[in-house]
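Sequence positions, counted from 1, serve as the residue numbers for this chain.
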Amino acid sequence: MFYLILAIMLVLFYIFAAPNHIKGTINLMVAVFFLVGLCIALLLAFLKVLEFPSQVWLGLITVLIGLWAMRDIYCLDKDPGNKEKKSRRSRSYRYR
């Protein structure tokens with residue numbers, strides 16, 4: 001409760017009584033406070049994700065391998081002979 005009252009007093013000071021050169025410092029302190037809060041929230045979210053059961057991780061790895069295999073199959077359909085034909089046509093002169 002004490003910290004809530006202190007925070008309210010600081011906000012009121014910032015709005016009504018703080019000179020301009022103090023407001024820049026307070027803005028920087030608030031930005032750092034929010035950045036630290038964001039980092040803590042991201043760390044806690046990452047730790048929560050690590051608590052997922054192993055079936056979720058196994059399913060995710062299986063889906064990734066399946067997508068990689070489909071991409072590989074899609075690349076198999078391309079004709080490698082087209083590269084040689086294009087390289088021969090791109091010459092601007094003839095051999096005699």
Let me check something: any side-chain donor-acceptor pairs from residues 15-33 under 3.5 Å, sequence neighbours excluded? List them with distances.
from	atom 1	to	atom 2	distance (Å)
N27	OD1	Y14	OH	2.8
N27	ND2	K23	O	3.3

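- Residues M1 and V11 fall within the same hydrophobic cluster, defined by Ile, Leu, Val, Met, Phe, Trp and Tyr side chains chained together at heavy-atom separations under 4.5 Å.
- The line from CG of L58 to OG1 of T62 is 4.5 Å long, rounded to the nearest 0.5 Å.
- In this structure I8 satisfies the side-chain contact (heavy atoms from CB on, under 4.5 Å) test together with L4, L12, sequence neighbours excluded.
- Here the side chains of V49 and W57 are in contact, with some heavy-atom distance below 4.5 Å.
- Applying the 4.5 Å side-chain rule to ILVMFWY residues, one finds L42 in the same cluster as L38.
- Judged as a salt bridge (charged side-chain N to carboxylate O under 4.0 Å, His left out), not a single pair has a partner in residues 26-40 (not counting sequence neighbours).
- By the side-chain contact (heavy atoms from CB on, under 4.5 Å) test, L67 pairs with V63, M70, sequence neighbours left out.
- Partners of Y74 under the side-chain contact (heavy atoms from CB on, under 4.5 Å) rule, at least two apart in sequence or in another chain, are K78.
- To the nearest 0.5 Å, atom CD1 of residue I65 and atom CG of residue L60 are 10.0 Å apart.
- I61 contributes atom CD1, which lies 10.0 Å from atom OG of S54 (distance to the nearest 0.5 angstrom).
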